[in-house]
Amino acid sequence: MPTIITPDICDAYPDVKVIEPSLVNVGGHDAFYGPVRTVKCFEDNSRVKEAVNEPGDGAILVVDGGGSWRCALLGDMLAAKAADNGWAGIIVHGCVRDVDILNETPLGIQALGTHPRKSEKRGEGQRDIPITFGGVTIAPGQWLYADNNGIVIAHEPLTLDD
């Protein structure tokens, strides 16, 4: 995987969209990229569980959890399943839990923060639709590049130097 340095991406591709700074790295990979797939849910991670149980094929699951601080939408078991199924990363506009284990999981993970409470499982939410948070609308099929500097969204894969 080429080295991801989002400031260099922004310099080389000034038209990429940048998610407003609010998310922090909590996964085992600090830098990651791939095509986007999406989930929109609120305090119910049923659709997240569905997605990570499917082959990821190097994609990034972007979860719009409505920015909730009341429960976690991702924990150690779902992250491990995502890593095992070939996902490159998960972005959560909401909270995660089990961060000590997430930090050891071979997966890029960024989230707003942490919360020890698990989410509800009501079977609610939507998948593979455009979602908006952090000042950016993110659609399935776009490309996401993330590192400790931030997250950028491009309409197509970018050429990166090794």
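One is the number of the first residue; the rest follow in order along the sequence. Since we're looking at a predicted model, the values are computed, not measured.
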Could you report the tightest heavy-atom contact between L73 and L78, atom names first, then the distance? O-CD1, 4.2 Å
Residues passing the side chain to side chain contact (heavy atoms under 4.5 Å, CB included) test with T114, sequence neighbours excluded, are V96, V99
Treating H115 as the side-chain partner and A72 as the backbone partner, does any N or O pair qualify as donor plus acceptor under 3.5 Å? no
Locate the shortest heavy-atom distance separating P35 from G58; write the atom from each residue and the value. CD-O, 3.6 Å
Donor-acceptor pair, side chain of D147 and main chain of T6, under 3.5 angstrom: yes
How long is the straight-line distance from CG of L61 back to CH2 of W87, given to the nearest 0.5 Å? 5.0 Å
Closest non-hydrogen contact found for Y145 with I4 is CD2-CD1, 4.1 Å
Shared ILVMFWY cluster between V36 and I131, side chains joined below 4.5 angstrom? yes
Using the side-chain hydrogen bond (donor to acceptor under 3.5 Å, both in side chains) criterion, which residues pair with D98? Sequence neighbours excluded. none
Test your reading of the model: is there a side-chain donor-acceptor pair from S119 to the backbone of N45, 3.5 Å cut-off? yes
Residue among K121, R127, R37 satisfying salt bridge (Lys or Arg N to Asp or Glu O under 4.0 Å) with E50: R127
Single-linkage hydrophobic cluster, 4.5 Å side-chain cutoff, L107 and L144 together: no
Nearest 0.5 angstrom please: Q110 CD to I19 CD1, how far? 8.5 Å
CG of N85 to CG of D57, rounded to nearest 0.5 Å, is 9.5 Å
When L74, I138, V62 are each screened for side chain to side chain contact (heavy atoms under 4.5 Å, CB included) with I91, the one that passes is V62
Same hydrophobic cluster for I129 and V92, using side-chain heavy-atom links shorter than 4.5 Å among ILVMFWY? no
Less than 4.5 Å apart, any side-chain heavy atom of V63 and any of I90? yes
From CA spacing to verdict: side-chain hydrogen bond (donor to acceptor under 3.5 Å, both in side chains), T38, D128: CA-CA 5 Å; T38 64; D128 297 319; 4.6 Å; no
Between D44 and E124 (side chain of the first, backbone of the second, donor and acceptor by atom type, cut-off under 3.5 Å), is there such a pair? yes
Shortest non-hydrogen contact from P140 toward P130: CD-N, 4.0 Å
R97 and P116: which non-hydrogen atoms are nearest, and at how many Å? NH1-O, 2.8 Å
Under 3.5 Å, side chain of K17 to main-chain N/O of T137, donor-acceptor pair present? yes
Can you run down the salt bridge (charged side-chain N to carboxylate O under 4.0 Å, His left out) pairs that involve residues 65-88, sequence neighbours left out, and say none if there aren't any? E43-R70
Check: W143 and L158 side chains under 4.5 Å, non-hydrogen atoms: no
According to a 4.5 Å side-chain heavy-atom criterion applied to Ile, Leu, Val, Met, Phe, Trp and Tyr, with indirect links allowed, do V24 and I151 form part of one hydrophobic cluster? no
Sorted by chain and residue number, the ring pair (Phe, Tyr, Trp, His ring centres under 6.0 Å) partners of F42 (sequence neighbours excluded) come out as none
Report yes if some heavy atom in the side chain of F32 is under 4.5 Å from a heavy atom in the side chain of I60; otherwise report no. yes
Close side-chain approach of L23 and F133, heavy atoms under 4.5 Å: yes
May I have the list of side-chain donor-acceptor pairs in residues 7-14 shorter than 3.5 Å, sequence neighbours left out?
{"from": "Y13", "atom 1": "OH", "to": "T159", "atom 2": "N", "distance (Å)": "3.1"}
{"from": "Y13", "atom 1": "OH", "to": "T159", "atom 2": "O", "distance (Å)": "3.1"}

In chain order, what residues pass the side chain to side chain contact (heavy atoms under 4.5 Å, CB included) check against E104, with sequence neighbours excluded? none
Hydrophobic cluster membership, I5 vs V16, 4.5 Å side-chain cutoff: no
Under the side chain to side chain contact (heavy atoms under 4.5 Å, CB included) criterion, do C41 and D64 qualify, and how do the steps go? CA-CA 6 Å; C41 58; D64 179 2; over 6 Å; no
Taking it one step at a time, do N103 and N25 satisfy side chain to side chain contact (heavy atoms under 4.5 Å, CB included)? CA-CA 9 Å; N103 191 262; N25 265 323; over 6 Å; no
Is the backbone N or O of C71 less than 3.5 Å from a side-chain atom of R117, with the two atoms forming a donor-acceptor pair by type? no
Could you please spell out the steps behind the side chain to side chain contact (heavy atoms under 4.5 Å, CB included) verdict for W69 and L112? CA-CA 8 Å; W69 290 94; L112 285 177; 4.0 Å; yes
